[in-house]
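In what follows, chains are A, B, ... by sequence order, proteins preceding strands, each numbered from 1. The analysis underlying the following values was restricted to heavy atoms, covering all of them including side chains, and did not include hydrogens, waters or symmetry mates.
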Amino acid sequence: MPKLKLFRAGLMLAQKTISTMLRKKNVLIALMMVMAAGAIYAYKEFNRTNTNIARESSAFTINATELIKEFTNNDSLASSKYVGKIISVQGLIKDIIKDERGYYTVTLGDTLGTSSIRCSIDSIYSGTAVSVKPGANVKVKGSCTGYNRDELLGLDIILNRCLIAGQN
Amino acid sequence: MLKFFLFFLLCAITSIAFGQTRFFTKTGNISFYSTTKVEDIEAHNRSVTCVLDTKTGNIQFSVLMKGFEFRKALMQEHFNENYVESDKYPKAEFKGQVVNNGNIDYARQGTYPVKVKGLLTIHGETREVEADGTITVSNGKVNTTSEFKVAIADYKISVPTLVSDKISKIITIKVACALEPLK
């Protein structure tokens with residue numbers, strides 16, 4: 001009988017040791033997987049390029065005249081609301097400028113006013129700006145980078161990485 | 001009555017003809033470059049506002065920091081959130097003088113080397129800066145270009161030690177603005 005007890009004890013000890021070893025191995029594997037996931041995330045995050053604005057959703061959709069009004073009335077409040085966000089602005093094209101490097105800037109707003117929304121069209125979306133004309137009612141989507149207020153040059157709300165999302 | 005009208009017309013025409021002393025752009029380009037052994041960083045801004053008074057040589061630039069575009073989004077975020085704190089200091093400005101403005105004949109096509117001196121404000125810090133540049137008069141437009149270096153520490157821009165070898169202490173700034181008459 002004692003032999004059997006001894007044998008069973010020995011078996012239990014062996015079982016315990018093997019399961020501990022396996023658990024340790026599992027922990028090791030799990031740890032390595034977490035580290036690998038972390039490394040992949042870090043690599044992807046480090047190399048992340050600015051997202052394609054077309055794929056992102058706008059934080060606000062607003063009329064050009066409304067946006068200009070908000071900035072005219074309280075520029076710091078409007079700034080904290082819109083700056084750094086992706087917005088969609090619907091309005092009439094005041095002017096289309098093409099610079100020496102072939103980049104387009106579309107200005108929205110009332111032709112008589114000194115205030116405008118200046119939209120720097122992203123180079124990958126230049127095609128959307130080629131066919132539009134001043135006076136067209138368009139929807140522009142872009143990232144709001146701030147505003148400039150000057151007695152000489154008027155009020156400009158600036159957007160970059162823009163694309164012309166639609167024309168009415 | 002007619003004399004008065006003609007006199008008025010003459011004044012108006014004269015002022016229009018000789019009133020083109022101010023040139024400006026709202027689509028000027030400013031880029032900056034940081035080169036280190038570890039990494040090269042560059043950023044570009046295409047919405048720079050520049051006004052030049054050709055009579056006095058007074059020149060001003062205004063740049064929205066959030067308008068600088070980087071290839072890597074994380075770098076752009078760090079630039080805005082940590083380095084230049086663009087929520088606190090949304091703009092960088094330069095207010096200065098074209099030192100040898102008297103030597104430039106803005107009515108004649110040509111390329112003139114210039115020296116520009118003035119106050120540069122970045123991250124809320126203002127420093128006196130002197131830079132070499134070029135003014136080119138062509139087809140009624142005035143093109144201004146310049147390349148100069150700044151030490152980021154001068155503008156209290158602090159880079160954490162963890163990434164200090166990735167960002168150069170001296171940054172090269174390149175300016176290229178095509179100015180048109182301000183009507």
TODO: Give, as side chain, backbone, both or neither, the part of A:Asn160 having an atom under 4.5 angstrom from any heavy atom of chain B.
DONE: side chain
Task: Within-4.5 Å side-chain heavy-atom neighbours: B:Thr49 and A:Asp150 - done: no
Open item on the list: Could you check whether atom OH of A:Tyr103 has more than 12 heavy atoms from other residues, nucleotides or ligands sitting under 6.0 Å from it?
Closed with: no
- [ ] Under 4.5 Å heavy-atom distance to chain B, tell me which part of A:Leu152 shows up: side chain, backbone, both or neither.
- [x] side chain
Open item on the list: Quick check on A:Tyr147 against chain B: is it the side chain, the backbone, both or neither that has a heavy atom closer than 4.5 Å?
Closed with: backbone
- [ ] Would you mind checking which part of A:Ser123 comes under 4.5 Å of any heavy atom in chain B, side chain (CB onward), backbone (N, CA, C, O), both or neither?
- [x] backbone
Open item on the list: Counting only non-hydrogen atoms closer than 4.5 Å, does A:Arg118 touch chain B with its backbone (N, CA, C, O), its side chain (CB onward), both, or neither?
Closed with: side chain
Task: Joint cluster assignment, B:Tyr89 & B:Val48, ILVMFWY side-chain distance < 4.5 Å - done: no
TODO: Check ring-ring contact (aromatic ring centres under 6.0 Å, His included) between B:Phe94 and all other residues, then give those that pass, not counting sequence neighbours.
DONE: none
TODO: Answer yes or no: does atom NZ of A:Lys85 have more than 12 heavy-atom neighbours from other residues, nucleotides or ligands under 6.0 Å?
DONE: yes
Task: For B:Arg46 against A:Tyr104, the heavy-atom pair lying closest together - done: NH2-O, 3.3 Å
Open item on the list: As an exercise: rank A:Thr107, A:Leu159, A:Ile97, A:Asp156 by heavy-atom pairs under 4.5 Å with chain B and give me the winner.
Closed with: A:Asp156
- [ ] Under 4.5 Å, heavy atom to heavy atom: which of residues 56-75 of chain B reach chain A? Give them by number, or say none.
- [x] B:Ser62, B:Leu64, B:Lys66, B:Gly67, B:Glu69, B:Phe70, B:Arg71, B:Lys72, B:Ala73, B:Leu74
- [ ] Would you kindly confirm whether A:Ile121 and A:Ile124 end up in one hydrophobic cluster when ILVMFWY residues are joined by side chain heavy atoms under 4.5 Å apart?
- [x] yes
Task: Other residues, nucleotides, ligands: >12 heavy atoms within 6.0 Å of B:Leu162 CG - done: no
- [ ] For each of B:Val51, B:Asn29, B:Asp87, tally heavy-atom pairs with chain A at distances under 4.5 Å, and name the one with the top tally.
- [x] B:Asn29
Task: ILVMFWY network linking A:Ile86 to A:Phe71, side-chain heavy atoms under 4.5 angstrom - done: yes
Open item on the list: Let me check something: do B:Val159 and B:Val38 share a hydrophobic cluster, defined by ILVMFWY side-chain heavy atoms less than 4.5 Å apart, either directly or through other members?
Closed with: no
- [ ] For chain B, find which of A:Ser120, A:Gly146, A:Ser143 contributes the most heavy-atom pairs closer than 4.5 angstrom.
- [x] A:Ser120
Task: Minimum side-chain heavy-atom gap A:Thr105-B:Lys26 below 4.5 Å - done: no
Task: Over all atoms of both residues, closest heavy-atom pair of A:Arg101 and B:Ala176 - done: NH2-CB, 3.6 Å
Open item on the list: If I measure from the heavy atoms of chain A, does B:Asn45 come under 4.5 Å with its side chain, its backbone, both, or neither?
Closed with: neither
Task: Closest-packed option against chain B by number of heavy-atom pairs under 4.5 Å, given A:Ile158, A:Leu153, A:Asp99 - done: A:Leu153
Task: Under 4.5 Å from any heavy atom of chain B - which part of A:Asn148 - done: both
TODO: Would you indicate whether the side-chain heavy atoms of A:Glu100 and B:Thr27 approach each other to under 4.5 Å?
DONE: no
